[in-house]
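All values below were derived from every heavy atom in this structure, side-chain atoms included, with hydrogens, water molecules and symmetry-related copies excluded. Each chain gets a letter, A, B and so on, in the order the sequences are listed, and its residues count up from 1. Please read all numbers here as calculations on a predicted model, not as lab measurements.
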Amino acid sequence: MSSVDAIARADLLVTATLGHPPFTLNADVRFPAGQVVGVLGPNGAGKTTLLRGIAGLAPVRSGRIRLGERTFDDEATGEFVTPQERRVGVVFQDYRLFPRMSVRDNVAFGLRAAGRPRPYARAVADAWLARVGLADLAERRPGALSGGQAQRVALARALATDPEVLLLDEPLAALDAGTRAATRSWLRSHLAEVAGPVVVVTHDPLEAMVLTDRLVVLDAGGVVQQGSPAEVARRPAGEWVATLLGLNFYRGYLDAATGTVLLDGGGHLVTSSGGEFESRRDSGLDAGPDSGLVAGLDPALRSGPALVTLSPSAVTVHTSKPHDASPRNVWPGRITHLEALGGRVRLDVAGEPSALVDLTAASVAELGLGPGVPVWLSAKATEVEVYRAAPARDVEVADSP
Amino acid sequence: MKERAHGSAATPRPVSWQLGAPAAVGAAFLLLPLLALVTRAPWRSLPEHLSEPAIQTSLRLSLVCATAAAGTAILLGVPLAWVLARSRARGIGLVRALVTVPLVLPPVVGGVALLKAFGRNGLLGRWLDEAFGVTLPFTTTGVIVAETFVAMPFLVLAMEGAFRSIDPGLEEAATTLGASRWFAFTRVSLPSALPGLLAGSLLAWARALGEFGATITFAGNSPGRTTTMPISVYLAMERDPDAAVSLALVLLLTAVIVLVALRGRWLTT
């Protein structure tokens, strides 16, 4: 039993190039046992390639994949463990339930394949179906299930083989919006129980934030960021994540002496934020005599290329130039687009810089805002988040257990 | 007005005469001979013809050989169809083309080719004869070989289509659950291809039952051993045309039964 536990606690290490040109992925990622790691990226970023490599459905181009001390795939030595022998459970995006078998036989399939007697396999399958709340559907064919039910069967089928690694490919993508919310929280609790590494591939940041303990962001065939969901949400390493999170995201050049970022797309933003800014100011520390930094600005930030995020809800809209001096950033713009988002209205304002702004529907009506209306925008310097584009490795080392 | 509610696509439209006339002639051309066979059949002497011992033997031989040929085609053709459907090896397209040659080859040519391969002096036949004392031409086994040669491509084509329509992802899913390739094939792929297997087998069986040219060339005409129904029909035409019509009716009936059995597959519009 102890040896089984030891195996189940092994970390998964991927240090490899996967896929076929031009769609290759360079990955150097550790997936710790007992953690749910989200692999987030736009379509074509290499998410499924990574998943297929781990499952053994496609060999690595170079490098290797290891689970603890076991080598799954090593291009240099030619070692390759077949998917059949890997004990990597996969929940496919389209579930891939066997259409000509009952739900029970689907879940029992892995145990039957391992040579277990049918009555035993069926008993285990029934236990799993009970666990995922589908005991009364055991006799059905997969075609008679709803998307949410099929998803649960697919998970039960993968877990019934007692896998050492569990992979989920876009687990919620095929579900309708109503089922998605319920399944998300249900999945969250079930994934937390898995002893080995769990990898959830997704292109939906919300899904990634909710389901996972850690995020690996892929883009353009490489890992662009790794970290906790909160970290990634606060300081996204690229437009893609920032846009999907609904953040204003800019690239520019930070002048550390003034705390001003000259934005690549025109305009500038003044910041006074920084990771430890608040506490440092409160404790009376300043940045040091020769650092050339604005007091309060993160001393790690020196002049140079920088990334900037600004939450749409942190931007204020005025119909005339505000004379109140408190916000450090004030600039003119013109509304190009309005969109209702739940209880809020999101404005698309063209200017230097262009920005997304969230307002209540009441404010929009009160200010008489509409497409083409000229406005003034303002944002507090403390709301302007400035950071350097950190290489992915640095973040990973900081976050490794 | 009702039709309009269902959309114009569903509204039946009259066929123009330029298409309708040749279509009618074509249909008549195909159906008239069958109609002639039925109307001109000597219905009264039919039982007498069919109860003739030689015909009974021939009928039994035909059924046995066609069934054996269909069985052989399944045993060899299903794996072949699988490989054609799944392999990405170089030259697999050429193999596919060659495998379907018997479909377009005149059966007599097939018979001659079989003689050159399995005859006593044939490529493989010589070795079979010397090593095992096995002779295929002009034997009942030879009939089965000839029928299999002609019928197997039908099964291979039907099965390849069936295998291709199965999501390869299902097999992948099976292997991630620890299934060997064989286990995945027998438990997942083959059951999914079952309708294709049934259709392909029936088609191959019907083709084997009606096989004439390759059979008479390779297996000859030896009553009780190689004289199958189509050969009996041909021989009877010279001796007793009425008997030939009776025998032909039996084969026609068989063809109709096979068509009805396959109606879910080909007779649906």
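In this structure, no portion of A:Ala160 lies under 4.5 Å from any heavy atom of chain B. Interface residue A:Arg52: only side-chain heavy atoms are found under 4.5 Å from chain B. Residue A:Arg100 touches chain B through its side chain alone, counting heavy-atom pairs closer than 4.5 Å. Of the atoms belonging to A:Leu111, not a single heavy atom falls under 4.5 Å from chain B.
The candidate from A:Leu57, A:Asp105, A:Thr161 with the greatest count of non-hydrogen atom pairs under 4.5 Å with chain B is A:Leu57.
Counting heavy atoms from C-beta outward, B:Thr176 and A:Pro163 have side chains that stay 4.5 Å or more apart. Between A:Asp94 and B:Asp167 the shortest side-chain heavy-atom distance falls below 4.5 Å.
With rounding to the nearest 0.5 angstrom, the CD atom of A:Gln84 is 11.0 Å from the CG atom of B:Leu177. The distance from atom CE of A:Met101 to atom CZ of B:Arg187, rounded to the nearest 0.5 Å, is 8.0 Å.
The two atoms that bring B:Ser192 and A:Pro99 nearest to each other are OG-CG, 4.4 Å, heavy atoms only.
For B:Arg164, the CZ atom sits in a packed shell: over 12 heavy atoms of surrounding residues, nucleotides or ligands are nearer than 6.0 Å. Counting heavy atoms of neighbouring residues, nucleotides and ligands inside a 6.0 Å radius, atom CZ of A:Arg64 does not exceed 12 of them. Within 6.0 Å of atom CD in A:Glu193, more than 12 heavy atoms from other residues, nucleotides or ligands are found, so the atom counts as buried in its surroundings. The number of heavy-atom neighbours closer than 6.0 Å to CZ of A:Arg66, taken from other residues, nucleotides and ligands shown, is above 12.
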